[in-house]
Chemist: 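Take this structure first; my questions come after.
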Amino acid sequence: MNTVLRCRDRELSLEVPRVMGILNITPDSFSDGGRLMGRADEAVWTLPDIDKVLRTGQAMLEAGASILDVGGESTRPGAQPVPAGRECERVIPVVEALRRLDTIVSVDTSSPLVAREAIAAGAHLINDVRALQAPGMIDAVIESDVAVCVMHMLGDPRTMQECPHYEDVLLEVRTFLAERVRRCRTAGIASERIAVDPGFGFGKTLDHNLELLRRLPELTADDALTGLPVLVGLSRKGMIGLVTDLPLEERDPPSAVAAALAMTNGARIVRAHNVGQTCAALKIVRALGLA
């Protein structure tokens, strides 16, 4: 496996798994929408509260995060798209502010405009749930030397959970990711800049998600994917609630358990809302020599 993910002028060592802290700059994300937003007027929360974002980001870094992932558009099931201009209003001031912190800044976006603006503002990684498929998205990242994460999603957030079906979920996810990675390489994105994400919860039933987690070591068993780091997002997701019957506010402990299992199955980067608990789980996994 590639032991380093190159992110512009930074290199992220992947000799041990890393935790990516989630900073949702949205009013409607499924578990923490509005938490980092400021008031545009007395009634509507639309813009980021930069001081709160910096405090939250710094706390995540102190808890052990290696990356901060900024998102300005919710991708929860049923979410409506956000105009790129509005997404930029949310994301770009945050990216500029996070440059004050000593960390890798990731931007969770599928918009070429947002990607270009985020890169200009100093982002190190573009984390795209649509796997750089939007027209112009590869062009937006190709010359910047940023890292990219390509993710599998069946459908789009508005419809992805409407009866998703696979003959073999692992094989179909792996085939899709391999095709996208080949496209990225053909365009000139070097392997050491690429991570892949199977997309837990993005057009998958509980059974699909559990099979993907169980078979995660098989995900990169394709020539195009061999050696690439796997990034996973399990934190607080519906699959955690379905298995544990816990509400959102009580899902952090089982989310950390799921992250630990993903690490033992080969994941090198895990996205987390609760960085402290996830890093504690990582320490147990490492102490046992399992990751």
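As the structure is a computational prediction, the values presented were derived from the model and not from experiment.
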Chemist: So, the side chain of N24 versus the backbone of T26: is there a donor-acceptor pair under 3.5 Å, distance only?
Modeler: no
Chemist: Is K237 reaching over with its side chain to a backbone N or O of F200, donor-acceptor style, under 3.5 angstrom?
Modeler: yes
Chemist: With T3, which residues qualify under side chain to side chain contact (heavy atoms under 4.5 Å, CB included), at least two apart?
Modeler: E15
Chemist: In the hydrophobic cluster built from side-chain contacts under 4.5 Å, what are the other members alongside L261?
Modeler: V257
Chemist: Any pair with a residue in residues 203-258 that passes ring-ring contact (aromatic ring centres under 6.0 Å, His included), sequence neighbours left out, goes on the list, sorted by first then second residue, please.
Modeler: Y166-H208
Chemist: I'd like to check the side chain to side chain contact (heavy atoms under 4.5 Å, CB included) partners of S111; sequence neighbours left out, ordered by chain and number.
Modeler: A84, E87, T109, L113, V114
Chemist: Any side-chain donor paired with an acceptor under 3.5 Å for R251 and T244?
Modeler: no
Chemist: Between E11 and L5, does the side-chain contact (heavy atoms from CB on, under 4.5 Å) criterion hold? Intermediate values first, please.
Modeler: CA-CA 6 Å; E11 291 187 345; L5 182 66; over 6 Å; no
Chemist: Of the options V196, L132, T220, I189, which is the one that meets V181 in a side-chain contact (heavy atoms from CB on, under 4.5 Å)?
Modeler: V196
Chemist: Taking side chain to side chain contact (heavy atoms under 4.5 Å, CB included) as the test, write out the residues that go with A131, two or more places apart.
Modeler: Q133, V150, F176, R180
Chemist: Between L68 and I104, is a side-chain contact (heavy atoms from CB on, under 4.5 Å) present by the stated rule, with each step listed?
Modeler: CA-CA 6 Å; L68 298 178; I104 292 171; over 6 Å; no
Chemist: Within a strict 4.5 Å, meaning less than it, do heavy atoms of the I50 and P93 side chains meet?
Modeler: yes
Chemist: Hey, does the side chain of R18 reach the backbone of S13 with a donor-acceptor pair shorter than 3.5 angstrom?
Modeler: yes
Chemist: Is any side-chain heavy atom of D252 closer than 4.5 Å to a side-chain heavy atom of R236?
Modeler: yes
Chemist: My understanding is that only residues two or more places apart in sequence, or in another chain, count here; which of them pass salt bridge (Lys or Arg N to Asp or Glu O under 4.0 Å) with R6?
Modeler: D145, E192
Chemist: Counting heavy atoms not belonging to E143, are there more than 12 under 6.0 Å from its CD?
Modeler: no
Chemist: Identify, with sequence neighbours excluded, every residue that meets side chain to side chain donor-acceptor pair (under 3.5 Å) alongside T175.
Modeler: none
Chemist: List in chain and number order the residues that pass side chain to side chain contact (heavy atoms under 4.5 Å, CB included) with C279, two or more places apart in sequence or in another chain; answer none if no residue qualifies.
Modeler: V19, V275
Chemist: Would you say V129 and S110 make side-chain contact, with heavy atoms under 4.5 Å?
Modeler: yes
Chemist: Hey, could you give me the CG/CG distance between L228 and D197, rounded to the nearest 0.5 Å?
Modeler: 12.5 Å
Chemist: Carefully, step by step, assess I119 and V141 under the rule side-chain contact (heavy atoms from CB on, under 4.5 Å).
Modeler: CA-CA 8 Å; I119 291 166; V141 302; 4.1 Å; yes
Chemist: Could you note down all residue pairs passing salt bridge (Lys or Arg N to Asp or Glu O under 4.0 Å) where residues 91-111 supplies at least one of them, sequence neighbours left out?
Modeler: R10-D102, D108-R271
Chemist: Please, which pairs that meet salt bridge (Lys or Arg N to Asp or Glu O under 4.0 Å) have at least one residue in residues 279-291, sequence neighbours excluded?
Modeler: none
Chemist: Are any of the side-chain heavy atoms of R185 and S191 separated by less than 4.5 Å?
Modeler: yes
Chemist: Do any pairs count as a salt bridge (Lys or Arg N to Asp or Glu O under 4.0 Å) and have a residue in residues 214-229, sequence neighbours left out, and if so which ones?
Modeler: D168-R215, R182-D222, E211-R215, R215-E218
Chemist: Can you tell if the side chain of M60 reaches within under 4.5 Å of the side chain of T103, non-hydrogen atoms only?
Modeler: no
Chemist: Can you list the steps and then say if L234 with M239 is a side-chain contact (heavy atoms from CB on, under 4.5 Å)?
Modeler: CA-CA 8 Å; L234 296 159; M239 63 177 288; 3.6 Å; yes
Chemist: Any side-chain to backbone donor/acceptor pair from R174 onto P198? Under 3.5 Å, distance only.
Modeler: no
Chemist: Do L231 and R268 come within less than 4.5 Å of each other through their side chains, counting heavy atoms only?
Modeler: no
Chemist: Could you work out the complete set of other residues in the hydrophobic cluster of L171, with links drawn between I, L, V, M, F, W and Y side chains under 4.5 Å apart?
Modeler: none
